[in-house]
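Single-structure report; data block below.
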Amino acid sequence: MSVHRSPKALLACAVAGASLLLAAVPPAQAVDGPAPDPRNAQAMRDMATAMSVTAKYVDEREALKDGYVPHGEECMTNPFGVGTMGYHYVKESNWGSKDPAKPTALLYSTHKDSKGRRKLQTVEWMSTDRDQDLKTTDDRPSMFGLPFDGPMPGHWAGMPKHYDLHMWAYEKNPAGRFHNWNPALTCPKKNPAAKSTTPAHAHGH
């Protein structure tokens with residue numbers, strides 16, 4: 001029997017789930033992939049802030065309402081190895097933000113549920129590479145005590161060379177909560193006849 005839940009109930013579940021996820025963060029040494037030092041009180045507070053602020057975006061409609069706009073491909077495959085990442089919904093006014101309460105992008109699942117909605121998977125912060133030179137890294141930002149990935153080329157037309165940091169807050173990532181690619185996910189096979197107009201995703205690894 002299906003049970004109907006109101007948006008408020010879904011939000012409450014998301015907030016509760018976020019609290020449980022944070023409580024379950026093990027010491028950094030025990031985590032596969034990058035992870036904040038649990039002794040870093042500021043990093044723990046910032047993670048909690050990011051989770052609580054983005055919990056409402058489990059409802060994709062809330063993200064659209066708040067100015068997060070879909071960009072690029074619905075699913076991106078790691079050109080350097082295994083793993084994928086989902087559909088980027090970007091809020092341009094948050095570009096360059098290193099505020100845990102103002103992520104630049106929300107990443108949603110490629111697949112939609114029975115109601116045509118996508119599942120929130122990842123929260124991401126993006127910052128422009130100051131000199132647009134992929135060989136220099138003196139302006140690399142950091143959050144949660146972790147360095148951003150990059151610099152890397154833009155992922156769609158008009159996007160500059162940049163740094164970014166992913167937090168898989170709403171989808172388990174075996175490579176680590178802050179690893180950019182998720183090896184447990186794959187992109188659906190593309191129709192050979194369909195040609196993408198989006199540049200290849202040369203994301204840092």
*Search all heavy atoms of T104 against all heavy atoms of N94 and return the closest pair with its distance.*
OG1-O, 3.0 Å
*Flag the pair P153 / L134 as yes when at least one side-chain heavy-atom distance between them is below 4.5 Å, and no otherwise.*
yes
_ring-ring contact (aromatic ring centres under 6.0 Å, His included) involving F144 - partner list, sequence neighbours excluded_ = W125, F178
_Heavy-atom check, side chain of M126 versus side chain of M159, under 4.5 Å_ = yes
_side-chain hydrogen bond (donor to acceptor under 3.5 Å, both in side chains) partners for K102, two or more places apart_ = none
*Does any pair with a residue in residues 64-160 pass disulfide bond (SG atoms under 2.5 Å apart), and if so which ones, sequence neighbours excluded?*
C75-C187
_List the residues meeting side-chain contact (heavy atoms from CB on, under 4.5 Å) with V53, not counting sequence neighbours, and say none if there are none._
T49, A101
*asked:* So that I know where these two stand, are H155 and H71 an aromatic pair - ring centroids less than 6.0 Å apart?
replied: no
*salt bridge (Lys or Arg N to Asp or Glu O under 4.0 Å) with K65: which residues, sequence neighbours excluded?*
E62
*With sequence neighbours left out, what residues match Y163 under ring-ring contact (aromatic ring centres under 6.0 Å, His included)?*
none
*Which heavy atom of P147 sits nearest a heavy atom of S142, and at what distance?*
CA-CB, 4.0 Å
*Looking at residues at least two apart in the chain, or sitting in another chain, which of them share a side-chain hydrogen bond (donor to acceptor under 3.5 Å, both in side chains) with R140?*
none
*Sequence neighbours excluded, which residues qualify as side-chain contact (heavy atoms from CB on, under 4.5 Å) partners of K98?*
S127, P141, M143, F148
*Which residues satisfy the salt bridge (Lys or Arg N to Asp or Glu O under 4.0 Å) test with D139, sequence neighbours excluded?*
none
*For a ring-ring contact (aromatic ring centres under 6.0 Å, His included) with Y68, tell me which candidate from W95, Y89, Y57 qualifies.*
Y57
*Who pairs with N40 by side-chain hydrogen bond (donor to acceptor under 3.5 Å, both in side chains), at least two apart in sequence or on another chain?*
none
*For R130, what residues pass the salt bridge (Lys or Arg N to Asp or Glu O under 4.0 Å) criterion, not counting sequence neighbours?*
D138
_Partner residues of T122 under the side-chain hydrogen bond (donor to acceptor under 3.5 Å, both in side chains) criterion, sequence neighbours left out_ = none
*asked:* I'd like to know if R39 and D37 make a salt bridge, using a cut-off of under 4.0 Å between side-chain N and carboxylate O.
replied: yes
